[in-house]
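Since we're looking at a predicted model, the values are computed, not measured.
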Amino acid sequence: MLDFLVERFPAVSAADWVARMNAGDVVDPGGRVVAPRQAYVPHGKLYYYRTVANESPNAAQATVLFEDEHLVVADKPHFLPVTPSGQYLQETLLIRLRRQLGVPALTPLHRIDRETAGVVLFAKQPGMCGPYQALFAGRKVIKRYQALAASDSRLRFPLTRSNTLQTSDHFMQMREADVQAGTKPNAHTEIELLEQRGPWARYGLRPCTGKRHQLRVHMAALGLPILGDRIYPKLMGPGEDETANPLRLLAASISFRDPFSEEERCFASRRELHFPDSG
């Protein structure tokens, strides 16, 4: 195996590959660590968990809510990315679960923002994704969120926010745009008031579509930016994560009919959103 990797990736030295293999960063499809002197198997698969220089450790821990032969359901904390991107690799939900469960082909079926907590679904194998993704595409998956924001007695709930979302001038943001004649809105969110506590309120959100940052944009447009939001309505500069002030947005539950077992599934997060200290 060492000879194969050195020949296939000549930019990486044999010593580096030995170190990576000894560290358990190269595994086979069953999640078993591959040794340098292990016999090469033609047409097989290897998985390498690369490292990112100076990747900061993340103490936030996810919980596995459910696992069967097709599906894994996780309850993600705030500030943990779902998939590798940019400066995040090992400290992501996907890579952690692949290692924890010994399922190197684990594949996310959808995503939520790094700052958002709550329920995320994964398929055990890429070939299992199609039937689940067809449910999302057919809007047969019911996702419910909770958010904390200011209370506003001028608004009447429940209400539905429907409009067109498009990329803003800054790539980090989306914005509401005027619906052109003859076109239909591409973003719909049902919003209800669940609880009021002083100047704050807990809202129930049901996204009927899945546009990027949809819930954050719609809440901010109502004059109710979600507590802890560093992107809407005003984009703040980069900074350290404020663990005491996370984005108060929770993917609270997800429901659907399982395409393999035909069972009705409903998975709920065990996490809670906390109101600001009134004192």
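- At a threshold of 4.5 Å between non-hydrogen side-chain atoms, the residues Ile254 and Cys266 do not count as touching.
- Residues in residues 89-140 take part in these ring pair (Phe, Tyr, Trp, His ring centres under 6.0 Å) pairs, two or more places apart or across chains: His110-Phe136, Tyr132-Phe260.
- Counting only heavy atoms from C-beta outward, the side chains of Leu46 and Met1 approach each other to under 4.5 Å.
- Of all the heavy atoms in Thr92 and Val82, the pair that sits closest is CB-O, 4.1 Å.
- Distance alone, capped at 3.5 Å, is enough to place a donor-acceptor pair between the Glu55 side chain and the Glu91 backbone.
- Side-chain N or O atoms of Arg248 include none that pairs as donor or acceptor with a backbone N or O of Phe275 at under 3.5 Å.
- Contact between Met219 and Ala149 at its shortest, heavy atoms only, is CE-CB, 4.1 Å.
- Atom CG in Asn58 sits 8.0 Å away from atom CZ in Arg114 (nearest 0.5 Å).
- Residues Lys76 and Asp113 are not paired through a salt bridge, judged by the lack of any N-O separation under 4.0 Å between the basic side chain and the carboxylate.
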Item to complete: Kindly determine whether Ser255 and Val141 satisfy side-chain contact (heavy atoms from CB on, under 4.5 Å), including the steps that lead there.
Response: CA-CA 6 Å; Ser255 305; Val141 177; over 6 Å; no
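- When atom types are taken as modelled, the side chain of Asp229 and the backbone of Pro225 share no donor-acceptor pair closer than 3.5 angstrom.
- Residues Pro81 and Leu93 have side chains not in contact (no heavy-atom distance under 4.5 Å, counting atoms from C-beta outward).
- Judged by distance alone, with hydrogens and angles left aside, the side-chain atoms of Arg265 form no donor-acceptor pair with the main-chain N or O of Glu262 at under 3.5 Å.
- Listed for the Thr63 side chain is no donor-acceptor partner under 3.5 Å among the backbone atoms of Leu65.
- The hydrophobic clustering, which links ILVMFWY residues whose side-chain heavy atoms are closer than 4.5 Å, places Leu235 and Val217 together.
- Looking at Val12 and Val6, their side chains never come closer than 4.5 Å, going by heavy atoms from C-beta outward.
- Residue Ala60 comes nearest to Pro77 through the heavy atom pair CB-CG, 3.5 Å, listed as atom of the first residue, atom of the second, then distance.
- Proximity of Leu71 to Asp258: side-chain heavy atoms (C-beta onward) are separated by under 4.5 Å at one or more points.
- At least one donor-acceptor pair closer than 3.5 Å links the side chain of Asn186 to the backbone N or O of Leu165.
- Salt bridge annotation for Arg206-Glu192: absent, with no cationic side-chain nitrogen under 4.0 angstrom from a carboxylate oxygen.
- In this structure, Asp75 pairs ionically with Arg271, as a charged nitrogen and a carboxylate oxygen lie closer than 4.0 Å.
- In the hydrophobic cluster analysis, where Ile, Leu, Val, Met, Phe, Trp and Tyr join through side-chain heavy atoms closer than 4.5 angstrom, Leu97 is grouped apart from Val73.
- Not a single salt bridge (charged side-chain N to carboxylate O under 4.0 Å, His left out) links Glu272 to another residue, sequence neighbours left out.
- In the hydrophobic clustering of this structure, Phe79 does not group with Ile112; members are Ile, Leu, Val, Met, Phe, Trp, Tyr whose side-chain heavy atoms approach within less than 4.5 Å, directly or through other members.
- Comment: Arg8 does not engage Asp3 in a salt bridge, judged by the lack of any side-chain N to carboxylate O separation of less than 4.0 angstrom.
- Atom CD of Glu7 has 12 or fewer heavy atoms from other residues, nucleotides or ligands within 6.0 Å.
- Side chain of Gln38 to backbone of Ala35: a donor-acceptor contact under 3.5 angstrom is found.
- Looking at heavy atoms from C-beta onward, Leu249 lies in side-chain contact with Arg216 at the 4.5 angstrom threshold.
- A donor-acceptor contact shorter than 3.5 Å is absent between the side chain of Tyr145 and the backbone of Gly118.
- In terms of hydrophobic clustering, with Ile, Leu, Val, Met, Phe, Trp and Tyr side chains grouped at heavy-atom distances under 4.5 Å, Val41 and Val34 are assigned to different clusters.
- For Leu224 against Ala150, the heavy-atom pair with the smallest separation is CD2-O, 3.2 Å.
- Here the options are His188, Lys184, Glu190, the test is side-chain contact (heavy atoms from CB on, under 4.5 Å), and the partner is Ser162; only His188 passes.
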Item to complete: Give the C-alpha distance, both sets of side-chain angles, the deciding distance and a yes or no for side chain to side chain donor-acceptor pair (under 3.5 Å) between Thr164 and Glu176.
Response: CA-CA 6 Å; Thr164 295; Glu176 293 185 340; over 6 Å; no
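- Between Tyr203 and Phe157, the ring planes are tilted. Angles from 30° to 60° get that label.
- Ionic pairing of Arg230 and Glu115 is not present here: no N-O contact between side-chain nitrogen and carboxylate oxygen is shorter than 4.0 angstrom.
- Ile226 CD1 to Leu215 CG: the interatomic distance, rounded to the nearest 0.5 Å, is 6.5 Å.
- With rounding to the nearest 0.5 angstrom, the NZ atom of Lys143 is 9.5 Å from the CG atom of Leu121.
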Practice prompt. Just do the side chain to side chain donor-acceptor pair (under 3.5 Å) check on Arg20 and Tyr48 with the steps written out, would you?
Written response: CA-CA 9 Å; Arg20 293 172 182 182; Tyr48 166 54; 3.1 Å; yes
Item to complete: Could you check Gln214 against Thr189 for side chain to side chain donor-acceptor pair (under 3.5 Å), going step by step and ending with a plain yes or no?
Response: CA-CA 8 Å; Gln214 176 177 318; Thr189 303; 2.8 Å; yes
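- Judged as a salt bridge (charged side-chain N to carboxylate O under 4.0 Å, His left out), and not counting sequence neighbours, Arg139 has no contacts.
- Between Phe4 and Trp17, the gap from one ring centroid to the other reaches at least 6.0 Å.
- To the nearest 0.5 Å, atoms CD (Gln146) and CG (Leu194) are separated by 5.5 Å.
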Discussion item. For Leu159 and Arg156: C-alpha separation, side-chain torsions, deciding distance, then whether side-chain contact (heavy atoms from CB on, under 4.5 Å) applies.
Written reply: CA-CA 7 Å; Leu159 61 80; Arg156 293 290 178 263; over 6 Å; no
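- Inter-residue side-chain proximity for Val119 and Ser253 is flagged as unmet; no heavy-atom pair is nearer than 4.5 Å.
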Worksheet item: Can you list the steps and then say if His218 with Asn163 is a side chain to side chain donor-acceptor pair (under 3.5 Å)?
Response: CA-CA 9 Å; His218 280 170; Asn163 49 38; 3.0 Å; yes
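- Scanning all heavy atoms of the two residues, the minimum distance from Pro108 to Leu94 falls at CD-CD1, 4.0 Å.
- To the nearest 0.5 Å, the span separating CD1 on Ile231 from NE2 on His213 amounts to 4.5 Å.
- For the pair Pro233 and Gln173, the tightest heavy-atom approach, listed with the atom from each and the gap, is O-NE2, 3.7 Å.
- Within 6.0 Å of atom NZ in Lys124, more than 12 heavy atoms from other residues, nucleotides or ligands are found, so the atom counts as buried in its surroundings.
- The shortest distance between side-chain heavy atoms of Ser151 and Pro199 does not fall below 4.5 Å.
- Checked for salt-bridge contact, Arg99 and Asp25 meet the test: a charged N lies under 4.0 Å from a carboxylate O.
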Discussion item. Between Ile191 and Thr160, does the side-chain contact (heavy atoms from CB on, under 4.5 Å) criterion hold? Intermediate values first, please.
Written reply: CA-CA 6 Å; Ile191 306 172; Thr160 299; over 6 Å; no
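- The NE2 atom of His78 sits 13.0 Å away from atom CD of Glu242, with the distance rounded to the nearest 0.5 Å.
- Linking Ile, Leu, Val, Met, Phe, Trp and Tyr whenever their side-chain heavy atoms come within less than 4.5 Å puts Val64 and Leu80 in one cluster.
- Side-chain N or O atoms of Thr107 include one that pairs as donor or acceptor with a backbone N or O of Ala105 at under 3.5 Å.
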